[in-house]
There are 2 protein chains.
Amino acid sequence: MAQPIRLHQVSPLKASCHQCSLSNLCLPLAVEDNELYRLEDIVQQGRIFSRGEHIFDQSTPFRSCFAVKSGAIKTSIISENGEEQVTGFFMPGELVGLDSMGSKNYACTAKALERTSVCEFPVDRLEELTAKLPDLQHHVYHLMSQEIQGSHQLAMLLSKNTAEERIAALLLSLSSRFHRRRMSGTNFSLPMARNDIANFLGLAVETVSRVFTRFQNQGIISARGREVELLDVEALQTVTREFSRQNQ
Amino acid sequence: MAQPIRLHQVSPLKASCHQCSLSNLCLPLAVEDNELYRLEDIVQQGRIFSRGEHIFDQSTPFRSCFAVKSGAIKTSIISENGEEQVTGFFMPGELVGLDSMGSKNYACTAKALERTSVCEFPVDRLEELTAKLPDLQHHVYHLMSQEIQGSHQLAMLLSKNTAEERIAALLLSLSSRFHRRRMSGTNFSLPMARNDIANFLGLAVETVSRVFTRFQNQGIISARGREVELLDVEALQTVTREFSRQNQ
DNA sequence: GTCCGTTATTGATTCATGTCAAAGCCCTAC
DNA sequence: GTAGGGCTTTGACATGAATCAATAACGGAC
(Lines give C-alpha, C1' and ligand atoms only; values in the text may rest on other atoms or scores of the structure.)
Protein backbone atom coordinates (compact mmCIF):
# COMPACT_ATOMS: atom_id res chain seq x y z
CA MET A 1 0.00 0.00 0.00
CA ALA A 2 1.39 3.33 -1.03
CA GLN A 3 2.00 5.68 1.85
CA PRO A 4 1.53 9.39 1.24
CA ILE A 5 4.97 10.95 1.05
CA ARG A 6 5.86 12.75 4.24
CA LEU A 7 8.14 15.68 4.48
CA HIS A 8 9.68 14.33 7.65
CA GLN A 9 13.16 13.39 6.59
CA VAL A 10 15.07 10.89 8.61
CA SER A 11 17.80 12.88 10.26
CA PRO A 12 20.84 11.14 11.68
CA LEU A 13 19.55 11.81 15.20
CA LYS A 14 16.09 10.53 14.52
CA ALA A 15 15.18 6.88 14.64
CA SER A 16 13.30 5.26 11.84
CA CYS A 17 10.61 3.22 13.51
CA HIS A 18 9.28 2.30 10.07
CA GLN A 19 12.37 0.35 9.28
CA CYS A 20 13.00 -1.02 12.72
CA SER A 21 12.64 -4.76 13.00
CA LEU A 22 11.33 -4.36 16.54
CA SER A 23 8.41 -2.14 15.59
CA ASN A 24 5.95 -4.93 16.31
CA LEU A 25 7.21 -5.25 19.89
CA CYS A 26 8.05 -1.69 20.77
CA LEU A 27 5.91 1.44 21.05
CA PRO A 28 5.18 1.64 17.28
CA LEU A 29 3.02 -1.40 17.92
CA ALA A 30 0.35 0.94 19.24
CA VAL A 31 0.63 3.65 16.61
CA GLU A 32 -1.12 3.67 13.25
CA ASP A 33 1.22 3.69 10.29
CA ASN A 34 0.07 7.13 9.25
CA GLU A 35 0.80 8.52 12.72
CA LEU A 36 4.15 6.85 13.09
CA TYR A 37 6.03 9.94 12.01
CA ARG A 38 4.89 11.60 15.22
CA LEU A 39 6.63 9.01 17.26
CA GLU A 40 9.68 9.25 15.06
CA ASP A 41 9.62 12.99 15.66
CA ILE A 42 10.25 12.56 19.33
CA VAL A 43 12.49 9.51 19.37
CA GLN A 44 16.18 10.06 19.56
CA GLN A 45 18.61 7.51 18.34
CA GLY A 46 20.50 6.83 21.54
CA ARG A 47 24.14 6.08 21.69
CA ILE A 48 25.73 2.69 22.12
CA PHE A 49 26.69 1.54 25.58
CA SER A 50 29.39 -1.00 26.13
CA ARG A 51 29.14 -3.76 28.67
CA GLY A 52 28.98 -2.49 32.21
CA GLU A 53 28.16 1.10 31.33
CA HIS A 54 25.34 2.86 33.14
CA ILE A 55 22.48 4.19 31.04
CA PHE A 56 21.34 6.10 34.15
CA ASP A 57 21.36 5.71 37.88
CA GLN A 58 19.28 6.71 40.86
CA SER A 59 20.83 10.16 41.03
CA THR A 60 20.14 11.00 37.38
CA PRO A 61 17.21 13.38 36.82
CA PHE A 62 14.47 11.49 35.04
CA ARG A 63 14.19 12.69 31.46
CA SER A 64 13.59 9.77 29.18
CA CYS A 65 12.48 6.22 28.76
CA PHE A 66 14.68 3.95 26.70
CA ALA A 67 13.75 1.18 24.33
CA VAL A 68 16.34 -1.52 23.96
CA LYS A 69 17.35 -1.93 20.34
CA SER A 70 20.04 -4.54 20.77
CA GLY A 71 21.88 -5.99 23.70
CA ALA A 72 20.37 -6.20 27.17
CA ILE A 73 19.95 -4.05 30.25
CA LYS A 74 19.57 -4.86 33.90
CA THR A 75 17.85 -2.51 36.32
CA SER A 76 18.36 -2.54 40.05
CA ILE A 77 17.64 -0.51 43.11
CA ILE A 78 20.33 0.15 45.62
CA SER A 79 19.29 0.75 49.18
CA GLU A 80 20.84 3.18 51.64
CA ASN A 81 22.98 0.46 53.10
CA GLY A 82 24.32 -0.33 49.65
CA GLU A 83 22.44 -3.56 49.05
CA GLU A 84 21.41 -4.13 45.48
CA GLN A 85 18.20 -5.69 44.27
CA VAL A 86 18.02 -6.46 40.59
CA THR A 87 14.50 -5.53 39.53
CA GLY A 88 14.49 -6.57 35.92
CA PHE A 89 16.21 -7.58 32.74
CA PHE A 90 15.29 -5.79 29.54
CA MET A 91 15.69 -7.28 26.11
CA PRO A 92 15.31 -5.76 22.65
CA GLY A 93 11.88 -4.24 22.12
CA GLU A 94 11.33 -3.66 25.83
CA LEU A 95 10.98 -0.27 27.49
CA VAL A 96 13.16 0.79 30.41
CA GLY A 97 12.26 3.59 32.79
CA LEU A 98 8.51 3.23 33.26
CA ASP A 99 9.04 2.79 36.98
CA SER A 100 10.29 6.36 37.09
CA MET A 101 7.38 8.06 35.35
CA GLY A 102 6.44 11.14 37.29
CA SER A 103 9.47 10.99 39.55
CA LYS A 104 12.20 13.55 39.77
CA ASN A 105 15.06 11.12 39.48
CA TYR A 106 15.22 7.64 38.05
CA ALA A 107 13.87 5.08 40.51
CA CYS A 108 16.55 2.59 39.63
CA THR A 109 19.94 2.15 38.04
CA ALA A 110 20.21 0.75 34.52
CA LYS A 111 23.33 -0.99 33.36
CA ALA A 112 24.20 -2.51 30.00
CA LEU A 113 24.84 -6.22 30.36
CA GLU A 114 26.51 -6.35 26.99
CA ARG A 115 27.10 -4.00 24.09
CA THR A 116 23.71 -2.32 23.93
CA SER A 117 22.00 0.27 21.78
CA VAL A 118 18.85 2.10 22.73
CA CYS A 119 16.28 4.55 21.43
CA GLU A 120 15.47 7.43 23.72
CA PHE A 121 11.98 8.82 24.36
CA PRO A 122 12.02 12.13 26.25
CA VAL A 123 9.10 11.87 28.67
CA ASP A 124 7.79 15.37 28.37
CA ARG A 125 7.31 14.84 24.67
CA LEU A 126 6.08 11.31 25.20
CA GLU A 127 3.41 12.55 27.58
CA GLU A 128 2.33 15.17 25.05
CA LEU A 129 2.07 12.51 22.41
CA THR A 130 0.14 10.02 24.52
CA ALA A 131 -2.39 12.75 25.21
CA LYS A 132 -2.89 13.07 21.46
CA LEU A 133 -2.87 9.39 20.53
CA PRO A 134 -5.35 7.46 22.69
CA ASP A 135 -4.05 4.11 21.49
CA LEU A 136 -0.55 5.02 22.49
CA GLN A 137 -1.71 6.26 25.88
CA HIS A 138 -3.61 3.04 26.35
CA HIS A 139 -0.53 1.08 25.40
CA VAL A 140 1.68 2.92 27.84
CA TYR A 141 -0.85 2.27 30.60
CA HIS A 142 -0.80 -1.33 29.53
CA LEU A 143 2.97 -1.57 29.60
CA MET A 144 3.10 -0.02 33.03
CA SER A 145 0.45 -2.34 34.36
CA GLN A 146 2.40 -5.25 32.88
CA GLU A 147 5.38 -4.12 34.82
CA ILE A 148 3.35 -4.00 38.01
CA GLN A 149 2.02 -7.47 37.32
CA GLY A 150 5.46 -8.81 36.53
CA SER A 151 6.77 -7.39 39.74
CA HIS A 152 3.92 -8.93 41.72
CA GLN A 153 4.66 -12.20 40.04
CA LEU A 154 8.26 -11.83 41.11
CA ALA A 155 7.17 -11.15 44.68
CA MET A 156 5.14 -14.32 44.58
CA LEU A 157 8.07 -16.25 43.22
CA LEU A 158 10.31 -14.88 45.94
CA SER A 159 7.98 -15.61 48.78
CA LYS A 160 6.46 -18.92 47.76
CA ASN A 161 8.81 -20.81 45.51
CA THR A 162 11.92 -22.89 45.93
CA ALA A 163 15.23 -22.12 44.29
CA GLU A 164 14.54 -24.65 41.53
CA GLU A 165 11.13 -23.17 40.79
CA ARG A 166 12.52 -19.66 40.61
CA ILE A 167 15.25 -20.59 38.21
CA ALA A 168 12.95 -22.66 36.03
CA ALA A 169 10.61 -19.69 35.88
CA LEU A 170 13.36 -17.34 34.83
CA LEU A 171 14.60 -19.70 32.12
CA LEU A 172 11.08 -20.03 30.73
CA SER A 173 10.55 -16.30 30.83
CA LEU A 174 13.76 -15.69 28.90
CA SER A 175 12.86 -18.46 26.51
CA SER A 176 9.52 -16.91 25.66
CA ARG A 177 11.09 -13.52 25.21
CA PHE A 178 13.68 -14.86 22.79
CA HIS A 179 10.96 -16.73 21.01
CA ARG A 180 8.91 -13.56 20.64
CA ARG A 181 11.81 -12.07 18.76
CA ARG A 182 11.76 -15.09 16.42
CA MET A 183 14.92 -16.46 17.89
CA SER A 184 15.37 -19.91 19.30
CA GLY A 185 13.48 -20.36 22.53
CA THR A 186 15.51 -23.39 23.52
CA ASN A 187 18.99 -22.37 22.62
CA PHE A 188 20.24 -19.01 23.72
CA SER A 189 22.93 -17.27 25.63
CA LEU A 190 22.10 -15.63 28.92
CA PRO A 191 22.83 -11.94 28.83
CA MET A 192 23.49 -11.82 32.58
CA ALA A 193 25.95 -13.33 35.02
CA ARG A 194 25.01 -15.92 37.63
CA ASN A 195 25.36 -13.19 40.18
CA ASP A 196 22.62 -11.13 38.58
CA ILE A 197 20.36 -14.15 38.34
CA ALA A 198 20.97 -14.90 42.00
CA ASN A 199 20.29 -11.35 43.06
CA PHE A 200 17.15 -11.05 40.95
CA LEU A 201 15.75 -14.30 42.33
CA GLY A 202 16.74 -13.64 45.91
CA LEU A 203 19.23 -16.49 46.05
CA ALA A 204 22.92 -16.95 46.74
CA VAL A 205 25.15 -17.41 43.71
CA GLU A 206 26.14 -20.80 44.99
CA THR A 207 22.53 -21.91 45.02
CA VAL A 208 22.04 -20.79 41.42
CA SER A 209 25.12 -22.69 40.43
CA ARG A 210 23.98 -25.82 42.23
CA VAL A 211 20.52 -25.71 40.65
CA PHE A 212 22.04 -25.32 37.20
CA THR A 213 24.15 -28.41 37.69
CA ARG A 214 21.19 -30.29 39.18
CA PHE A 215 19.05 -29.44 36.14
CA GLN A 216 21.92 -30.51 33.97
CA ASN A 217 22.29 -33.85 35.72
CA GLN A 218 18.56 -34.42 35.29
CA GLY A 219 18.89 -33.76 31.58
CA ILE A 220 16.52 -30.79 31.73
CA ILE A 221 19.02 -28.27 30.45
CA SER A 222 22.53 -28.17 29.18
CA ALA A 223 24.65 -25.20 30.13
CA ARG A 224 28.18 -24.06 29.52
CA GLY A 225 28.77 -20.69 31.06
CA ARG A 226 26.16 -18.37 29.64
CA GLU A 227 25.28 -20.69 26.80
CA VAL A 228 22.08 -22.54 27.66
CA GLU A 229 20.01 -25.16 25.93
CA LEU A 230 16.59 -26.13 27.25
CA LEU A 231 16.39 -29.87 26.63
CA ASP A 232 13.08 -30.52 28.36
CA VAL A 233 10.76 -27.53 28.41
CA GLU A 234 7.91 -29.65 29.74
CA ALA A 235 9.95 -30.57 32.76
CA LEU A 236 10.77 -26.94 33.39
CA GLN A 237 7.11 -26.01 33.19
CA THR A 238 6.31 -28.75 35.65
CA VAL A 239 8.89 -27.39 38.03
CA THR A 240 7.47 -23.91 37.73
CA ARG A 241 3.68 -24.04 37.92
CA GLU A 242 3.69 -20.26 37.74
CA PHE A 243 5.27 -17.15 36.32
CA SER A 244 3.93 -18.18 32.95
CA ARG A 245 1.67 -15.21 32.63
CA GLN A 246 4.48 -12.78 33.21
CA ASN A 247 5.00 -11.96 29.57
CA GLN A 248 1.47 -11.56 28.35
CA MET B 1 -12.18 32.28 47.03
CA ALA B 2 -15.52 32.29 45.25
CA GLN B 3 -15.94 29.52 42.73
CA PRO B 4 -18.03 30.15 39.63
CA ILE B 5 -21.31 28.36 40.02
CA ARG B 6 -21.44 25.20 37.94
CA LEU B 7 -24.57 23.66 36.54
CA HIS B 8 -23.35 20.21 37.39
CA GLN B 9 -25.64 19.13 40.15
CA VAL B 10 -24.53 16.46 42.54
CA SER B 11 -26.71 13.49 41.70
CA PRO B 12 -27.01 10.62 44.15
CA LEU B 13 -24.82 8.49 41.91
CA LYS B 14 -22.16 11.06 41.47
CA ALA B 15 -19.42 11.68 43.97
CA SER B 16 -18.61 15.11 45.20
CA CYS B 17 -14.86 15.36 45.07
CA HIS B 18 -15.15 18.97 46.18
CA GLN B 19 -16.48 17.98 49.53
CA CYS B 20 -14.44 14.85 49.97
CA SER B 21 -11.95 14.98 52.80
CA LEU B 22 -9.58 12.79 50.80
CA SER B 23 -9.35 15.11 47.81
CA ASN B 24 -5.78 16.03 48.70
CA LEU B 25 -4.69 12.39 48.53
CA CYS B 26 -6.84 11.01 45.77
CA LEU B 27 -7.08 11.86 42.07
CA PRO B 28 -8.52 15.37 42.64
CA LEU B 29 -5.05 16.19 43.88
CA ALA B 30 -3.95 16.50 40.26
CA VAL B 31 -6.96 18.41 38.94
CA GLU B 32 -7.44 22.15 39.03
CA ASP B 33 -10.45 23.29 41.02
CA ASN B 34 -12.12 24.62 37.93
CA GLU B 35 -11.72 21.30 36.15
CA LEU B 36 -12.82 19.17 39.04
CA TYR B 37 -16.36 18.87 37.73
CA ARG B 38 -14.97 16.80 34.88
CA LEU B 39 -13.67 14.23 37.27
CA GLU B 40 -16.92 14.32 39.21
CA ASP B 41 -18.70 13.71 35.92
CA ILE B 42 -17.09 10.33 35.50
CA VAL B 43 -16.83 9.18 39.11
CA GLN B 44 -19.50 6.92 40.39
CA GLN B 45 -20.25 6.66 44.04
CA GLY B 46 -19.58 2.98 44.57
CA ARG B 47 -21.51 0.84 46.94
CA ILE B 48 -20.44 -0.25 50.37
CA PHE B 49 -18.75 -3.59 50.80
CA SER B 50 -18.83 -5.44 54.04
CA ARG B 51 -15.86 -7.28 55.46
CA GLY B 52 -14.75 -10.16 53.32
CA GLU B 53 -16.68 -9.13 50.21
CA HIS B 54 -14.93 -9.11 46.85
CA ILE B 55 -14.79 -5.84 44.97
CA PHE B 56 -13.60 -7.83 41.94
CA ASP B 57 -11.57 -10.91 41.19
CA GLN B 58 -9.30 -12.22 38.49
CA SER B 59 -12.20 -13.40 36.36
CA THR B 60 -13.99 -10.04 36.40
CA PRO B 61 -13.67 -8.03 33.16
CA PHE B 62 -11.63 -4.94 33.89
CA ARG B 63 -13.87 -1.88 33.81
CA SER B 64 -12.93 0.46 36.59
CA CYS B 65 -10.39 1.60 39.10
CA PHE B 66 -11.58 2.15 42.64
CA ALA B 67 -10.55 4.75 45.16
CA VAL B 68 -10.91 3.71 48.75
CA LYS B 69 -13.12 6.16 50.63
CA SER B 70 -13.22 4.41 53.96
CA GLY B 71 -12.18 1.01 55.22
CA ALA B 72 -9.39 -0.98 53.62
CA ILE B 73 -8.82 -3.38 50.75
CA LYS B 74 -6.34 -6.13 50.18
CA THR B 75 -5.35 -7.26 46.71
CA SER B 76 -3.87 -10.62 45.90
CA ILE B 77 -3.04 -12.82 42.98
CA ILE B 78 -3.99 -16.44 43.03
CA SER B 79 -1.90 -18.83 40.98
CA GLU B 80 -3.11 -21.83 39.03
CA ASN B 81 -2.32 -24.13 41.89
CA GLY B 82 -4.42 -21.99 44.20
CA GLU B 83 -1.64 -20.31 46.10
CA GLU B 84 -2.36 -16.76 47.12
CA GLN B 85 0.07 -13.87 47.19
CA VAL B 86 -1.15 -10.70 48.82
CA THR B 87 0.15 -7.89 46.63
CA GLY B 88 -1.00 -4.87 48.54
CA PHE B 89 -3.13 -3.18 51.14
CA PHE B 90 -5.08 -0.10 50.14
CA MET B 91 -6.16 2.57 52.55
CA PRO B 92 -8.46 5.58 52.12
CA GLY B 93 -7.28 7.89 49.34
CA GLU B 94 -5.45 5.11 47.52
CA LEU B 95 -6.34 3.79 44.08
CA VAL B 96 -6.97 0.10 43.41
CA GLY B 97 -6.80 -1.47 39.98
CA LEU B 98 -3.87 0.27 38.32
CA ASP B 99 -2.16 -3.07 37.85
CA SER B 100 -4.95 -4.04 35.48
CA MET B 101 -4.82 -1.02 33.16
CA GLY B 102 -4.97 -2.23 29.61
CA SER B 103 -5.81 -5.79 30.57
CA LYS B 104 -8.98 -7.65 29.70
CA ASN B 105 -9.66 -8.91 33.21
CA TYR B 106 -8.49 -7.67 36.56
CA ALA B 107 -4.96 -8.82 37.29
CA CYS B 108 -5.76 -9.49 40.92
CA THR B 109 -8.53 -10.07 43.38
CA ALA B 110 -9.63 -7.26 45.68
CA LYS B 111 -11.30 -7.97 48.98
CA ALA B 112 -12.65 -5.64 51.63
CA LEU B 113 -10.80 -6.13 54.88
CA GLU B 114 -13.47 -4.29 56.80
CA ARG B 115 -16.62 -2.34 55.99
CA THR B 116 -15.38 -0.36 53.00
CA SER B 117 -16.75 2.26 50.67
CA VAL B 118 -15.23 3.16 47.34
CA CYS B 119 -15.54 5.58 44.44
CA GLU B 120 -15.51 4.01 41.01
CA PHE B 121 -13.65 5.39 37.98
CA PRO B 122 -14.64 3.66 34.73
CA VAL B 123 -11.38 3.31 32.82
CA ASP B 124 -12.64 4.16 29.37
CA ARG B 125 -13.81 7.51 30.66
CA LEU B 126 -10.74 7.92 32.80
CA GLU B 127 -8.52 7.40 29.78
CA GLU B 128 -10.50 9.98 27.84
CA LEU B 129 -10.11 12.42 30.67
CA THR B 130 -6.40 11.88 31.19
CA ALA B 131 -5.93 12.61 27.48
CA LYS B 132 -7.60 15.99 28.08
CA LEU B 133 -5.98 16.89 31.37
CA PRO B 134 -2.19 16.60 31.12
CA ASP B 135 -1.75 17.01 34.86
CA LEU B 136 -4.09 14.15 35.54
CA GLN B 137 -2.37 11.97 32.97
CA HIS B 138 0.93 12.80 34.56
CA HIS B 139 -0.44 11.92 37.96
CA VAL B 140 -1.79 8.58 36.80
CA TYR B 141 1.60 7.77 35.31
CA HIS B 142 3.11 8.79 38.60
CA LEU B 143 0.75 6.61 40.63
CA MET B 144 1.47 3.65 38.42
CA SER B 145 5.19 4.15 38.66
CA GLN B 146 4.82 4.41 42.43
CA GLU B 147 3.14 1.06 42.40
CA ILE B 148 5.97 -0.42 40.39
CA GLN B 149 8.48 1.06 42.79
CA GLY B 150 6.56 -0.18 45.80
CA SER B 151 6.46 -3.62 44.35
CA HIS B 152 10.18 -3.58 43.64
CA GLN B 153 10.73 -2.47 47.20
CA LEU B 154 8.64 -5.39 48.34
CA ALA B 155 10.71 -7.74 46.22
CA MET B 156 13.81 -6.39 47.87
CA LEU B 157 12.28 -6.84 51.28
CA LEU B 158 11.33 -10.40 50.46
CA SER B 159 14.67 -11.40 49.10
CA LYS B 160 17.06 -9.57 51.40
CA ASN B 161 15.47 -8.98 54.76
CA THR B 162 14.76 -11.01 57.85
CA ALA B 163 11.32 -11.53 59.31
CA GLU B 164 11.88 -8.76 61.85
CA GLU B 165 12.96 -6.30 59.19
CA ARG B 166 9.97 -7.07 57.02
CA ILE B 167 7.52 -6.58 59.82
CA ALA B 168 9.16 -3.41 61.03
CA ALA B 169 8.98 -2.08 57.49
CA LEU B 170 5.30 -2.86 57.19
CA LEU B 171 4.50 -1.23 60.51
CA LEU B 172 6.37 1.91 59.47
CA SER B 173 4.65 1.97 56.10
CA LEU B 174 1.25 1.74 57.73
CA SER B 175 2.26 4.33 60.26
CA SER B 176 3.19 6.85 57.62
CA ARG B 177 0.00 6.18 55.70
CA PHE B 178 -2.12 6.78 58.78
CA HIS B 179 -0.13 9.87 59.51
CA ARG B 180 -0.73 11.19 56.02
CA ARG B 181 -4.42 11.05 56.76
CA ARG B 182 -3.81 13.12 59.87
CA MET B 183 -4.42 10.21 62.13
CA SER B 184 -2.09 8.93 64.79
CA GLY B 185 1.01 7.37 63.30
CA THR B 186 1.84 5.54 66.49
CA ASN B 187 -1.50 4.26 67.62
CA PHE B 188 -3.70 2.52 65.13
CA SER B 189 -5.56 -0.63 64.46
CA LEU B 190 -4.34 -2.97 61.75
CA PRO B 191 -6.95 -3.46 59.07
CA MET B 192 -5.66 -6.93 58.22
CA ALA B 193 -5.27 -10.24 59.96
CA ARG B 194 -1.91 -11.78 60.90
CA ASN B 195 -2.46 -14.20 58.08
CA ASP B 196 -2.56 -11.43 55.50
CA ILE B 197 0.53 -9.83 56.95
CA ALA B 198 2.31 -13.16 56.80
CA ASN B 199 1.28 -13.81 53.23
CA PHE B 200 2.18 -10.32 52.09
CA LEU B 201 5.61 -10.53 53.67
CA GLY B 202 6.33 -14.07 52.58
CA LEU B 203 6.33 -15.47 56.10
CA ALA B 204 4.44 -18.08 58.06
CA VAL B 205 1.75 -16.81 60.42
CA GLU B 206 3.61 -18.27 63.33
CA THR B 207 6.66 -16.23 62.48
CA VAL B 208 4.63 -13.03 62.37
CA SER B 209 3.19 -13.84 65.72
CA ARG B 210 6.57 -14.57 67.21
CA VAL B 211 8.07 -11.33 65.90
CA PHE B 212 5.16 -9.35 67.31
CA THR B 213 5.75 -10.81 70.75
CA ARG B 214 9.50 -10.31 70.42
CA PHE B 215 9.01 -6.63 69.55
CA GLN B 216 6.64 -6.39 72.46
CA ASN B 217 9.12 -7.89 74.89
CA GLN B 218 11.72 -5.44 73.66
CA GLY B 219 9.34 -2.58 74.36
CA ILE B 220 9.31 -1.51 70.71
CA ILE B 221 5.61 -1.94 70.22
CA SER B 222 2.60 -2.86 72.22
CA ALA B 223 -0.05 -4.96 70.53
CA ARG B 224 -3.34 -6.49 71.49
CA GLY B 225 -4.91 -8.26 68.55
CA ARG B 226 -5.14 -5.72 65.77
CA GLU B 227 -4.63 -2.79 68.09
CA VAL B 228 -1.03 -1.61 67.79
CA GLU B 229 1.00 1.08 69.43
CA LEU B 230 4.46 1.95 68.21
CA LEU B 231 6.41 2.75 71.36
CA ASP B 232 9.83 3.20 69.79
CA VAL B 233 9.72 4.34 66.18
CA GLU B 234 13.47 4.93 66.16
CA ALA B 235 14.09 1.32 67.03
CA LEU B 236 11.78 0.18 64.26
CA GLN B 237 13.61 2.37 61.77
CA THR B 238 16.88 0.90 62.92
CA VAL B 239 15.53 -2.58 62.35
CA THR B 240 14.37 -1.67 58.89
CA ARG B 241 17.06 0.28 57.07
CA GLU B 242 14.80 0.29 54.00
CA PHE B 243 11.29 0.42 52.64
CA SER B 244 11.16 4.03 53.78
CA ARG B 245 10.77 5.42 50.33
CA GLN B 246 7.80 3.22 49.55
CA ASN B 247 5.21 5.92 50.11
CA GLN B 248 6.64 8.86 48.23
C1' DG C 1 -24.28 -14.45 78.33
C1' DT C 2 -22.61 -18.45 76.12
C1' DC C 3 -21.19 -21.34 72.36
C1' DC C 4 -18.50 -22.30 68.31
C1' DG C 5 -15.61 -21.40 64.58
C1' DT C 6 -11.91 -18.63 63.40
C1' DT C 7 -7.63 -16.39 64.54
C1' DA C 8 -3.56 -15.98 67.35
C1' DT C 9 0.06 -17.69 70.24
C1' DT C 10 3.60 -20.84 71.86
C1' DG C 11 6.71 -24.84 71.71
C1' DA C 12 9.51 -28.65 69.42
C1' DT C 13 11.61 -30.18 65.40
C1' DT C 14 13.13 -30.17 60.48
C1' DC C 15 15.00 -28.47 56.28
C1' DA C 16 16.21 -25.52 52.45
C1' DT C 17 19.24 -22.29 51.62
C1' DG C 18 22.81 -19.12 53.28
C1' DT C 19 27.63 -18.64 54.56
C1' DC C 20 32.40 -19.70 54.57
C1' DA C 21 36.21 -21.67 52.18
C1' DA C 22 38.77 -23.33 48.44
C1' DA C 23 39.55 -24.77 43.75
C1' DG C 24 38.85 -24.34 38.86
C1' DC C 25 37.73 -22.03 34.73
C1' DC C 26 37.52 -18.51 31.36
C1' DC C 27 38.23 -14.34 29.23
C1' DT C 28 40.66 -10.23 28.48
C1' DA C 29 44.64 -7.45 28.07
C1' DC C 30 49.20 -7.05 27.64
C1' DG D 1 50.95 -16.88 24.57
C1' DT D 2 50.55 -15.98 29.03
C1' DA D 3 49.30 -13.77 33.36
C1' DG D 4 45.86 -11.98 36.14
C1' DG D 5 41.39 -11.14 37.99
C1' DG D 6 36.81 -12.15 37.97
C1' DC D 7 33.47 -15.29 37.47
C1' DT D 8 31.74 -20.17 38.48
C1' DT D 9 31.60 -24.43 40.69
C1' DT D 10 31.87 -27.59 44.58
C1' DG D 11 32.02 -29.02 49.46
C1' DA D 12 31.16 -28.64 54.60
C1' DC D 13 28.57 -26.56 57.94
C1' DA D 14 25.30 -23.23 60.34
C1' DT D 15 20.83 -21.23 60.84
C1' DG D 16 16.41 -18.68 60.22
C1' DA D 17 12.22 -19.68 59.37
C1' DA D 18 8.82 -23.41 57.95
C1' DT D 19 6.18 -27.07 59.60
C1' DC D 20 3.68 -29.78 62.80
C1' DA D 21 1.04 -29.83 66.90
C1' DA D 22 -1.47 -28.09 70.56
C1' DT D 23 -3.53 -24.63 73.34
C1' DA D 24 -5.51 -20.05 74.07
C1' DA D 25 -8.05 -15.93 72.92
C1' DC D 26 -11.28 -13.66 70.36
C1' DG D 27 -15.61 -12.24 68.25
C1' DG D 28 -19.86 -12.86 66.06
C1' DA D 29 -24.53 -15.15 66.30
C1' DC D 30 -28.20 -16.59 68.78
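Every chain is numbered from 1, with letters handed out A, B, ... down the list of sequences. None of these values were measured; they are calculated from a predicted model.
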Could you check how far [atom1] of [X] sits from [atom2] of [N], rounded to whole Å?
X: B:Asn217; N: C:dT9; atom1: CG; atom2: C1'; value: 12 Å
X: A:Arg194; N: D:dC7; atom1: CZ; atom2: P; value: 12 Å
X: B:Glu164; N: D:dT15; atom1: CD; atom2: C1'; value: 14 Å
X: A:Asn161; N: C:dA16; atom1: CG; atom2: P; value: 15 Å
X: A:Leu201; N: C:dA16; atom1: CG; atom2: P; value: 19 Å
X: B:Glu83; N: D:dA18; atom1: CD; atom2: C1'; value: 13 Å
X: A:Ile197; N: D:dT9; atom1: CD1; atom2: P; value: 9 Å
X: B:Arg226; N: C:dT6; atom1: CZ; atom2: C1'; value: 11 Å

Q: Strictly below 4.0 Å, heavy-atom distances to any atom of DNA chain D: list the hits from residues 202-215 of chain A, or just say none.
A: A:Glu206, A:Ser209, A:Arg210, A:Thr213
Q: Start with the C-alpha gap between B:Leu95 and B:Phe90, add the side-chain angles, then the distance that decides, and say whether side-chain contact (heavy atoms from CB on, under 4.5 Å) holds.
A: CA-CA 7 Å; B:Leu95 203 57; B:Phe90 293 80; over 6 Å; no
Q.
Quick check for you: to the nearest 0.5 Å, what is the distance between B:Gln85 atom CD and A:His152 atom NE2?
A. 9.0 Å
Q: Give, for atom SG of B:Cys26 and atom CD of B:Glu94, the distance between the pair rounded to the nearest 0.5 Å.
A: 10.0 Å
Q) Would A:Phe121 and A:Phe66 count as a close aromatic pair, with their ring centres under 6.0 Å? A) no
Q: Anything under 30° is parallel, anything over 60° is perpendicular, the rest tilted; go ahead and classify A:Phe62 against A:Tyr106.
A: perpendicular
Flag, side chain of [X] to backbone of [Y], donor-acceptor distance under 3.5 Å:
X: A:Glu120; Y: A:Val43; value: no
X: A:Glu83; Y: B:Lys160; value: no
X: A:Arg177; Y: A:Pro92; value: no
X: B:Asn199; Y: B:Glu84; value: yes
X: A:Arg226; Y: A:Pro191; value: yes

Q.
Testing the basics here: between B:Met144 and A:Ile148, what is the closest heavy-atom pair and its distance to 0.1 Å?
A. O-CD1, 3.9 Å
Could you go through nucleotides 2-6 of chain D and list every protein N or O atom that sits under 3.5 Å from one of its N or O atoms, giving the distance for each pair?
none

What does the list of N/O pairs under 3.5 Å between the protein and nucleotides 26-30 of chain C look like, with a distance for each?
residue : atom : partner  : partner atom : Å
C:dC26  : OP1  : A:Arg224 : NH2          : 3.4

